[in-house]
Amino acid sequence: MDLEHSLDQDALAGVVRAIVAGRFSMERIRRREGTPLVVDPDDWAALGEAGVFSLTVAEDEGGVGLGMADAAVVFEELGRGLVPGPLVASHLAAGLTDSPLFAGAADGTTVVGAVTRPRMSDTGARVPLIVEHLASLDAMIVVGHDGLLSVLSTDDLEAEPIAHPLDPLTPLSVLTSLPEGDPVGDRDTAIRFTQGTHILTGALCAGMAAATCSMAVDYAKERQQFGRPIGSFQAVKHLCADMLVRAEVARAAVDVAAVTADQPDTGDTVRAAAGAALLAAEAAIANAKTSIQVHGGMGFTWEVPVHLYLMRARVLASSLGPLGALARTVAARY
Amino acid sequence: MDLEHSLDQDALAGVVRAIVAGRFSMERIRRREGTPLVVDPDDWAALGEAGVFSLTVAEDEGGVGLGMADAAVVFEELGRGLVPGPLVASHLAAGLTDSPLFAGAADGTTVVGAVTRPRMSDTGARVPLIVEHLASLDAMIVVGHDGLLSVLSTDDLEAEPIAHPLDPLTPLSVLTSLPEGDPVGDRDTAIRFTQGTHILTGALCAGMAAATCSMAVDYAKERQQFGRPIGSFQAVKHLCADMLVRAEVARAAVDVAAVTADQPDTGDTVRAAAGAALLAAEAAIANAKTSIQVHGGMGFTWEVPVHLYLMRARVLASSLGPLGALARTVAARY
Amino acid sequence: MDLRYTAAEEQFRTELRAWLAETLPTLPEKPDTGDWAGRRAYDTGFQRLLFDAGYAGVDWPKEGGGRGSSPVEQLVYVEELERAHAPYVGVNFVGLLHAGPTIVAEGTPEQRARYLPPILRGDDVWCQGFSEPDAGSDLAALRTSAVRDGDDYIVNGSKIWTSHAEVADFCELLVRTGPAETKHKGISWLIMDMDAPGIEIRPLRTIAGATEFAELFFHDVRVPVANRVGQENDGWRVTMVTLSFERGTAFVGELLQSMELLHSLREVDDADGSPNADRIGHLGAELDALWALTRRNVSEAARTGVPGIGGSVFKLAFSELRQRIGELGMDLIGRGGLSWDELDGPAWSRSAGGPGNAELVDTWVNSFSRTIAAGTSQIQRNIVAERILGLPKG
Amino acid sequence: MDLRYTAAEEQFRTELRAWLAETLPTLPEKPDTGDWAGRRAYDTGFQRLLFDAGYAGVDWPKEGGGRGSSPVEQLVYVEELERAHAPYVGVNFVGLLHAGPTIVAEGTPEQRARYLPPILRGDDVWCQGFSEPDAGSDLAALRTSAVRDGDDYIVNGSKIWTSHAEVADFCELLVRTGPAETKHKGISWLIMDMDAPGIEIRPLRTIAGATEFAELFFHDVRVPVANRVGQENDGWRVTMVTLSFERGTAFVGELLQSMELLHSLREVDDADGSPNADRIGHLGAELDALWALTRRNVSEAARTGVPGIGGSVFKLAFSELRQRIGELGMDLIGRGGLSWDELDGPAWSRSAGGPGNAELVDTWVNSFSRTIAAGTSQIQRNIVAERILGLPKG
């Protein structure tokens with residue numbers, strides 16, 4: 001029993017951190033703010049080359065043959081660096097080796113997104129079907145009303161771009177229709193897909209929660225008011241301490257969910273994954289908000305990047321569906 | 001438009017405060033902790049003489065002829081002093097002049113309680129029917145399943161006392177049966193009874209929330225740690241500031257609900273009363289809890305009376321039914 | 001305690017309501033957020049209408065050219081304007097609510113004659129130069145300097161968080177005239193003509209994407225000594241005097257707008273089967289309570305001239321409540337909250353009569369400034385603890 | 001990362017589980033809370049059984065007479081005892097988890113030989129004399145004095161929050177041997193025989209109504225200098241050494257008990273149609289996460305000897321979570337929460353297989369001490385901010 005990173009996992013995190021520092025520096029990714037093509041194909045291929053998408057694909061299928069625990073380590077780093085793009089969907093697509101559409105997902109030459117088919121609202125009005133990074137996508141996974149997956153090429157999709165997306169690094173489009181697509185996998189595949197979405201989205205969020213905590217702490221050490229660094233005031237200290245608690249609790253939840261997915265006889269993966277997604281999404285939102293507060297007026301400027309974490313956290317949280325539903329999943333299995 | 005106390009209301013508050021200081025000092029009321037007869041008949045009559053129960057009864061019915069706004073002022077003071085007994089029920093009973101059982105309610109010679117007839121639980125098990133101060137009661141108001149009121153004498157009730165009630169100043173009994181009683185008043189009477197319960201219970205709670213805030217502030221000014229009064233630490237300051245906010249917001253809610261009850265064309269009394277009860281009950285609980293925290297280890301001792309406010313707050317909150325139902329009442333009328 | 005208004009107050013309300021009903025439909029179309037010239041014209045145009053109808057400076061004393069209304073009438077005034085969805089004070093904000101009242105109280109007769117009437121008429125627009133990048137919560141640390149040179153001060157430095165700078169005629173400016181160590185005792189209050197040479201205006205983009213604010217940079221800007229309000233180095237006190245004009249009505253518009261928003265969120269939630277009724281009801285009870293607290297604060301101001309302890313209590317409670325309303329809105333609309341542009345279809349969309357995702361996103365994002373601007377909630381709690389509760393300074 | 005245990009750990013678990021299954025049914029009936037003699041006999045009796053089976057001092061090093069288990073085995077140990085509902089450590093708490101480890105690390109060979117074996121065997125019971133009425137969070141402000149008189153110290157003063165004083169044989173006592181100004185540099189660590197003349201024990205009633213704690217008053221109590229552990233005035237460091245024995249397992253029992261309680265609250269809520277499922281699921285996710293954090297902390301201790309930053313993080317999160325679980329329980333049972341005595345009838349009652357109102361009231365009331373005892377949450381946040389995040393001291 002060991003819930004700390006192994007040496008291999010530390011090394012893996014280091015590799016990802018180096019790629020993030022090189023290709024996804026804040027300065028570099030911010031240049032693409034507000035553009036429809038935030039995902040750079042070269043950068044995406046570099047992530048593929050590092051194994052970000054093929055990590056959990058079996059070696060005899062051409063993957064790295066590692067587990068969700070390793071993927072969680074990687075995705076926490078990607079979240080910390082605010083790396084944009086359909087990371088979770090592309091990673092999970094690489095495992096759907098039955099579908100010819102996803103041949104290049106593993107090496108990052110095919111970019112894959114995901115969307116949940118919306119229900120009609122009670123009044124019969126159509127809920128807008130919002131897709132992320134559509135202009136960069138080659139293919140898409142559709143989660144149907146029955147929970148089963150289908151896949152489709154994005155070539156012939158009709159969509160209206162949203163001119164002002166909340167997160168300037170997550171371009172959005174509204175699909176005007178959504179074809180049926182080709183079924184892929186069975187019910188177990190669909191369940192694993194949901195679990196994978198919970199765990200990896202949770203990992204991104206946990207990394208983001210840690211990043212906004214660090215940003216607040218760094219600022220609080222440096223910013224002077226009333227002749228002292230603001231981090232010397234208890235009020236600021238306690239905001240930061242609470243951020244650390246949220247980030248650490250979220251990371252523990254994500255990590256244990258990932259290991260449980262790899263070793264399913266050690267626990268209830270559905271409960272662990274749903275709980276991890278819930279706590280991590282909340283931590284990412286709350287820490288970004290608190291970090292803005294610690295940054296004071298500067299936190300409200302476009303220049304300081306902490307708000308980008310807040311907007312991304314909302315994007316990721318919304319991709320999980322209502323957070324209350326995650327809580328009820330945990331409750332039903334407690 | 002004036003939501004501050006009038007001079008008459010200030011005078012009224014002063015009268016009640018004097019009675020509380022004289023007859024209901026903490027030292028004096030604590031001598032009755034854990035006994036079945038916490039209500040002293042002389043003290044109760046003194047409250048009656050001061051008009052606590054007859055305040056809102058019309059002058060031609062022998063009352064003082066004032067309004068709920070005045071009653072709220074009085075009940076906030078009673079709450080601040082943690083005055084024990086079935087204050088709300090006795091006050092409202094004094095207005096039910098149709099019932100011969102309540103003849104002495106107004107002058108405090110008859111002590112009246114209230115109880116809500118419990119529903120069977122879904123499993124068919126009987127929810128225990130808990131009555132406060134039974135040994136002191138002469139009569140009781142029963143709120144039926146249909147919301148209508150009936151009254152009964154407590155002479156022949158069979159009950160088991162609870163040896164260890166949560167609040168040592170609110171003795172409890174479990175009734176083994178509850179007769180039908182005699183109907184009193186119509187649907188409007190019942191609605192006014194509920195509103196009155198919300199407003200006056202809210203007023204008690206708002207006064208309690210203010211009292212625990214003051215206790216924390218006084219302690220924080222005096223208690224030294226690390227060579228300074230603990231009230232000079234931001235962490236403690238902010239706990240106290242939040243307590244003041246909760247207490248003041250609760251008091252504003254209670255006062256406006258009471259004035260609305262007196263001047264029903266100025267607003268929605270049902271919504272105002274439910275909202276006031278909700279916020280005041282929560283403030284009483286949260287401030288007592290926070291005050292214990294500010295008191296540190298001393299707050300956890302029996303000796304320091306702040307815990308009595310916490311327990312009383314739970315008693316009063318539970319008499320309102322689930323607080324979520326109050327919130328839904330507000331939502332439905334928003 | 002009494003919720004009824006006097007006959008005079010009711011008449012004031014009736015007349016104002018009638019005037020608004022008649023006037024608002026005649027207003028031109030609202031300009032775009034980015035159209036500064038249009039916004040100035042729109043806002044000052046409405047101010048001129050108010051002036052002509054006798055409603056300019058409702059809260060100003062008569063000797064300053066205002067209406068000299070009682071606090072309760074001021075409340076009725078802002079309440080009616082909000083309920084009628086009249087234009088906000090907009091670019092007239094600093095002049096009407098801050099610089100003007102300061103000059104009323106502390107200006108010379110010449111300054112009052114020169115600057116006050118154009119504010120009331122909507123002829124002059126003012127902006128504020130108080131905050132600096134390194135002087136936020138700690139305003140007294142400001143460093144923008146003013147050095148005497150004959151009959152002028154020469155001003156160098158920079159300011160941040162200045163609204164409407166692009167269209168302002170004048171700026172109320174706090175400068176350091178004493179050494180830095182003097183902190184709040186070395187500050188002066190100046191009237192700066194925004195046409196003076198050496199002023200650079202840089203739009204400041206916020207997380208809401210908009211450029212409502214600007215940074216100002218001063219390079220040897222000359223301000224006549226005659227434009228100083230109050231004594232040299234006495235500017236801190238002059239600034240504080242303005243606060244004493246507050247009657248507890250500052251947030252009435254936003255509060256009433258929040259209540260209206262919550263009402264429409266409740267309708268959206270009803271359409272979804274009311275899974276959030278507890279949360280909505282709780283927020284509703286809090287808004288009702290803060291509306292009561294507002295009226296209590298105004299009552300206190302009517303008696304004593306100041307709204308008492310309730311002002312700080314209100315700001316603390318409302319700024320955090322506003323964030324929770326923002327979060328509720330975002331939670332209710334799910335993926336719809338990812339777009340600043342209006343989306344069509346479900347109950348929350350404008351096309352279906354709901355509040356629309358754009359307003360909800362805007363409410364949410366802007367709510368984050370509420371616990372920061374005009375004193376962070378942390379500073380507010382210190383103030384409440386020390387000034388109201390009497391806890392010792394740290 | 002790995003959730004599987006080694007074969008040796010699994011075997012340890014299997015053997016322990018078998019021993020517990022065999023032993024627990026043979027235990028006498030639990031004594032009443034107020035029956036101190038009975039509680040001593042019960043708790044020390046179980047300790048003797050553990051000792052005879054080789055399970056005494058699982059976390060003590062072998063050279064102190066313990067089992068010298070790894071942190072992971074310690075985790076398995078406390079987990080299995082909790083899951084089997086074995087008796088708590090009870091009156092053996094201070095000896096086994098605090099005074100004993102201190103003497104192991106800092107005692108002389110004579111002290112170790114004299115005091116350690118009786119603790120492991122359940123022969124001696126210890127209590128703690130650290131806190132004082134005026135030295136709570138600020139422990140170094142303690143004033144109980146020890147003045148040398150030949151081979152003895154003469155102790156005067158008082159202590160508070162001492163558990164099990166009524167049945168303790170010895171007390172680990174912090175005293176001031178230097179002047180008050182020396183703060184933590186003038187403190188010594190003594191072993192005090194509770195039979196020494198001059199010790200007065202006054203039960204301290206808490207808000208839970210119980211007298212789990214006592215105040216101790218010392219009037220010229222003689223303690224031999226030979227009973228000092230560590231050097232004179234070095235008692236603060238001696239005390240800190242004990243903390244280094246913590247392996248992250250301190251709250252495992254209470255955490256697992258909380259999970260079991262939440263499970264039964266979920267069943268109560270199910271019986272009521274699940275109106276609180278969101279809240280229960282959220283608390284459940286948090287408990288699961290803290291159980292993960294615990295295992296991470298133990299993993300860290302297994303690697304480095306100390307649980308790392310996770311310990312403070314855990315305490316902060318768990319103490320407030322425990323309060324929210326307490327509140328949930330009270331909210332679920334409504335009026336049933338007004339009685340400390342068991343009530344019968346509804347799904348939550350013990351008679352219907354629920355957790356029972358008495359346990360829920362007890363959980364709620366006692367939860368208020370969680371954010372106070374062993375460092376208030378305010379102090380904990382300072383520690384996290386300064387020691388882990390490196391923020392400057394205030």
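Chain identifiers are assigned alphabetically (A, B, ...) following the order of the sequence lines, protein sequences preceding nucleic acid strands; residue numbering begins at 1 within each chain. The figures that follow rest on heavy atoms only: side chains count, while hydrogens, waters and symmetry mates do not.
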For the pair B:R314 and D:D331, find out whether any cationic side-chain nitrogen is under 4.0 Å from an anionic carboxylate oxygen.
yes
Given a strict heavy-atom distance threshold of 4.5 Å, which part of B:V174 is in contact with chain D: side chain, backbone, both, or neither?
side chain
Side-chain contact, heavy-atom cut-off 4.5 Å: D:W364 with B:L310?
yes
Under 4.5 Å, counting heavy-atom pairs only, tell me which of D:G334, D:A352, D:G209, D:S137 racks up the most with chain B.
D:S137
At a heavy-atom separation under 4.5 Å, does B:P322 approach chain D through its side chain, its backbone, both, or neither?
neither
Just wondering, do B:F233 and D:I379 contact through their side chains at under 4.5 Å, heavy atoms?
no
Counting heavy-atom pairs under 4.5 Å to chain D, which of B:G227, B:A235, B:G296 comes out on top?
B:G296
For B:L172, which atoms come within 4.5 Å of any heavy atom of chain D: side chain, backbone, both, or neither?
side chain
Rounded to the nearest 0.5 Å, how far does CZ of D:R370 lie from CZ of B:F300?
7.5 Å
Region of D:P275 that comes under 4.5 Å of a non-hydrogen atom in chain B:
neither
Per-residue contact mode, B:L308 against chain D (heavy atom under 4.5 angstrom)
neither
Surrounding CZ of D:R143 (heavy atoms of other residues, nucleotides or ligands, distance under 6.0 Å), is the total greater than 12?
no
Polar side-chain atom of D:D341 near backbone of B:I162 as donor-acceptor pair, under 3.5 Å:
no
Determine yes or no for a side-chain-to-main-chain donor-acceptor pair under 3.5 angstrom, with D:D138 supplying the side chain and B:F226 the backbone.
yes
Looking only at atom types and distance, does a side-chain atom of D:Q323 sit under 3.5 Å from a main-chain N or O of B:K289, one as donor and one as acceptor?
no
Rounded to the nearest 0.5 Å, the CG atom of B:L239 sits from the OG atom of D:S377 at a distance of 10.0 Å
Using a 4.5 Å cut-off on heavy atoms from C-beta on, say whether the side chain of B:L166 contacts that of D:M330.
yes
Decide if atom CZ of D:F217 counts as having more than 12 heavy atoms of other residues, nucleotides or ligands within a radius under 6.0 Å.
yes
Atom group of D:D344 that falls short of 4.5 Å from chain B, counting heavy atoms:
backbone
Do B:M311 and D:V365 have side chains that get closer than 4.5 Å, going by heavy atoms?
yes
Can you check whether B:T301 reaches D:L204 side chain to side chain, under 4.5 Å on heavy atoms?
yes
Could you tell me which of D:E327, D:K183, D:R381 has the largest number of non-hydrogen atom pairs under 4.5 Å with chain B?
D:E327
Side chain, backbone, both or neither: which part of B:S319 has a non-hydrogen atom closer than 4.5 Å to chain D?
both
If we define contacts as heavy-atom pairs under 4.5 Å, which of D:A373, D:G336, D:P133 has the most with chain B?
D:P133
Side chain, backbone, both or neither of D:A140 within contact of chain B (heavy atoms, under 4.5 Å)
neither
Around atom CZ of D:R387, are there more than 12 heavy atoms from other residues, nucleotides or ligands closer than 6.0 Å?
no
Between the CD1 atom in D:I372 and the NE2 atom in B:H295, the distance rounded to the nearest 0.5 Å is 10.5 Å
Based on non-hydrogen pairs under 4.5 Å, which of B:A163, B:S318, B:G299 is most in contact with chain D?
B:S318
Return yes if a side-chain donor-acceptor contact under 3.5 Å exists between B:Q293 and D:T371, otherwise no.
yes
Output for pair (B:E303 CD, D:T206 OG1), nearest 0.5 Å, gives 12.5 Å
For the interface with chain D, which of B:Q224, B:H164, B:Q234, B:E160 has the highest count of heavy-atom pairs at distances below 4.5 Å?
B:H164
D:I207 vs B:V306 side-chain heavy atoms within contact, under 4.5 Å
no
Indicate yes or no: at least one non-hydrogen side-chain atom of D:S339 is less than 4.5 angstrom from one of B:P128.
no
Spacing of CG belonging to B:D167 relative to CG belonging to D:L338, to within rounding of 0.5 Å
9.0 Å
Is D:R335 salt-bridged to B:E132, going by a charged N under 4.0 Å from an acidic O?
yes
